[in-house]
Every structure is written in C-alpha cells, then in structure tokens.
Number of protein chains: 2
Amino acid sequence: MESATVIRALGALAQEHRLAVFRLLVQAGPDGMAAGALAEALGVPASSMSFHLAQLAHAGLVAQRRVSRSIIYSADYGAMNRLIAYLMANCCGGTACLPELDCLSVAGDDRSVA
Amino acid sequence: MESATVIRALGALAQEHRLAVFRLLVQAGPDGMAAGALAEALGVPASSMSFHLAQLAHAGLVAQRRVSRSIIYSADYGAMNRLIAYLMANCCGGTACLPELDCLSVAGDDRSVA
DNA sequence: CCCATATTTCAATGATTATCGAATTATGAG
DNA sequence: CTCATAATTCGATAATCATTGAAATATGGG
C-alpha cells in the first residue's frame, strides 16, 4: 500500500460528515445506503454529501453501485484492513503484534505490511 | 471516545510528514526518537518538524518526555487502539468482529466502543 | 556567566478544503 | 415525450492548513 493512498484515506476520514458517513456504512454492512438516505440521516445538503461521498470513494474506502435511480454506497472493509496494517507496520521493530481485522473481509483483500 | 478526538487523530495522520513520523515511532517502540533525529531522518526543517510533532501530540497519538536537552517522542499504542475501535464500532450491525490490537498496549487503555 | 545545542514560537505566505445554491445529468413512470 | 426523482458538477466564498526563516526559550558544559 502506498503512502499517498493511505494519506488520502486518512484525510477522507478526518472530517466530521465523512467520518459519520463511514461509520454509518460500517454499521449498515454490505447492503449499504443510498446517497440521499445518507444526506438525510446526517442533515447535510445533497450537494455537500455528494462531495464527501466522492472523497470517500476516491480514497477507496467506499464502493458504489447504482440501483435504479439511487446510488448505493457501502464500506470497503478490505481497504480499512490495509490502512490499519500500514499504520502498524513493523510495530515495535517487527515483533509479531499485528491482529487480523476481519469484519466481512472482502475477496482480494491482502494484509501485506510492505 | 469522542468524534472530535478521532477527527483530530485522523487529521494528524493524514499528512505526509506526520504519517512518516508516526510510523517511525511505531517502529522505534517505547524508546522513541528525539525531535531532531526525526527532523533529520525525514529531511524536514526543525521548525516544520516541531509544528508536526505538536499536531501529533495534541491529537494524543504521541507522548513526549524530556531527556537532557532533547525531547523524545514515542507512539501511543493505546490511542491507536481506541481510534481503530471507534472506526469499526458496531461493524455490520453489531455482530462480533472486532479484534484486539495489542502491540504494547498501554496501561489505562480501554477499548470501549461507545 | 558564556557558549553551544535542542527545540519551540512567531509571522507571513501560498495552497488546499468545506460549504451550498443553482444548473446539469441520469433514470424510471405514465 | 414529459414529468418527477436522485444524484452530481459547477462556481464562488470562507476557513483551515503547511511551510520556513528568524527570534525566543530551555538545558547542559566549561
């Protein structure tokens, strides 16, 4: 995982509304939530929410799929796993201490620490 | 853990130099590294490094102690644990899926998910 | 006390980010 | 085709953040 990717992900989460959105999506699980539902749930104008969702998507933290007129967003647990692994890489000089973070790990998810 | 605290921590990590510093400190373990050593290791002017270290400290991600003329910084693994727990709270609607993240967990470290 | 080292604070500048109404694009129903 | 709904893009503005040299504040040695 590259440092630029990690910075984008952390920066995406470091914002009140985006953090709230991500946590809602983590709780919602694979079913996800529509953009409009997220905007309403958080009391944020649709255009603002769209901006924030784009940031989260660009950071790879959420996936999006269209269902009829709605666009459904869902959390990417694999990206989250990789992010955490990166932060804790070689913890304490390399002694084994990294856990598995397995909430619905996604196919293709690797935990490489490099 | 409060959302404002989490946002401060994520924002602190969402920056090239600070992310590099934090990872260096994670690898350095409890011994930590002096401010000057960090500045030199990353090729950043001392005043810039001081600014970034202050952000990390204010976010509670690093601890500082004075040793003679140097100030030694070290990663706070407990803060990291709490951060991750917050992000994954009630993952998938509350089914058990949170791991323990125990690289040198610090005394007083709680993993409350609220 | 005087000097060198280690670090932080200050201040000014440039760059990035958040906000949100209005306009635009996409989809589906009748 | 026309209308209503769902979401995004645009554009302008305000706010926050990163950078760095210079000055200020500790600390320790002689």
Side-chain angles (χ1 to χ4, degrees), chain A residues 2-25 28 31-75, chain B residues 2-25 28 31-75:
Chain A
E2 280 187 41
S3 122
T5 308
V6 173
I7 290 168
R8 222 179 305 124
L10 290 167
L13 291 172
Q15 204 280 334
E16 182 187 354
H17 297 318
R18 290 196 296 264
L19 180 59
V21 163
F22 184 77
R23 298 218 321 150
L24 271 183
L25 293 180
D31 287 351
M33 289 175 72
L38 289 166
E40 192 182 9
L42 298 181
V44 169
S47 63
S48 299
M49 181 53 70
S50 186
F51 169 79
H52 291 306
L53 288 170
Q55 305 263 312
L56 287 168
H58 184 234
L61 290 167
V62 302
Q64 48 193 341
R65 67 196 139 94
R66 177 179 278 279
V67 172
S68 179
R69 273 175 290 194
S70 292
I71 298 194
I72 310 290
Y73 287 84
S74 52
Chain B
E2 280 188 37
S3 123
T5 308
V6 173
I7 289 168
R8 223 179 303 126
L10 290 167
L13 291 172
Q15 205 280 333
E16 182 186 353
H17 298 316
R18 290 195 296 264
L19 180 58
V21 163
F22 184 76
R23 298 221 315 153
L24 272 182
L25 293 180
D31 287 352
M33 290 175 71
L38 288 166
E40 192 182 9
L42 298 181
V44 169
S47 63
S48 300
M49 180 54 69
S50 186
F51 168 79
H52 291 306
L53 287 171
Q55 305 263 314
L56 286 168
H58 183 234
L61 289 167
V62 303
Q64 48 193 342
R65 65 197 140 95
R66 177 178 280 279
V67 172
S68 180
R69 272 176 292 193
S70 294
I71 297 194
I72 309 290
Y73 286 85
S74 52

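The sequence lines fix the lettering, A, B, ..., with proteins before strands; numbering per chain opens at 1.
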Rounded to the Å, how far apart are [X] [atom1] and [N] [atom2]?
X: A:His52; N: D:dT8; atom1: NE2; atom2: C1'; value: 14 Å
X: B:Arg8; N: D:dC17; atom1: CZ; atom2: P; value: 11 Å
X: A:Leu38; N: D:dT8; atom1: CG; atom2: P; value: 10 Å
X: A:Ile7; N: D:dA18; atom1: CD1; atom2: P; value: 11 Å
X: B:His58; N: D:dC17; atom1: NE2; atom2: P; value: 11 Å
X: A:Gln55; N: D:dT8; atom1: CD; atom2: P; value: 13 Å

Counting the atoms with a prime plus P, OP1 and OP2 as sugar-phosphate, which does [X] contact under 4.0 Å by heavy atoms, base, sugar-phosphate, or nothing?
X: B:Ala54; value: nothing
X: A:Ala39; value: nothing
X: B:Ala35; value: sugar-phosphate
X: A:Ser50; value: base

To the nearest 0.5 Å, tell me how far [X] [atom1] sits from [Y] [atom2].
X: B:Leu53; Y: B:Gln64; atom1: CG; atom2: CD; result: 8.0 Å
X: B:Leu13; Y: B:Gln55; atom1: CG; atom2: CD; result: 11.0 Å
X: A:His58; Y: A:Thr5; atom1: NE2; atom2: OG1; result: 9.0 Å

Extract all donor-acceptor atom pairs below 3.5 Å that involve side chains of residues 31-50 of chain B and protein atoms in other chains or at least two apart in sequence.
none

Are the side chain of [X] and the backbone of [Y] linked by a donor-acceptor contact shorter than 3.5 Å?
X: B:Glu2; Y: B:Ala4; result: no
X: B:Arg8; Y: B:Ser3; result: no
X: B:Arg18; Y: B:Ala12; result: yes
X: B:Arg66; Y: B:Ser68; result: yes

Checklist entry - Which sits closer to the 5' end of DNA chain C, B:Ala37 or A:Glu16, going by the nucleotide each is nearest to? => result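 Mapping each residue to its closest nucleotide by heavy atoms, the 5'-most match is B:Ala37.
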
Next on the checklist: Quick check for you: name the first and last nucleotides of DNA chain C, 5' to 3', having an atom under 4.0 Å from a heavy atom of chain A.
Outcome noted: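 Contact span on the strand: C:dA18 to C:dG28.
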
Checklist entry - What string of B, S and - do you get for nucleotides 20-30 of chain D, 5' to 3', when a contact is any protein heavy atom under 4.0 Å? => result BBB---SBS--

Item to check | Minimum-distance pair of heavy atoms, taken over all atoms of A:Leu61 and A:Phe22 | outcome: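 Here A:Leu61 and A:Phe22 meet closest at O-CE1, 3.7 Å.
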
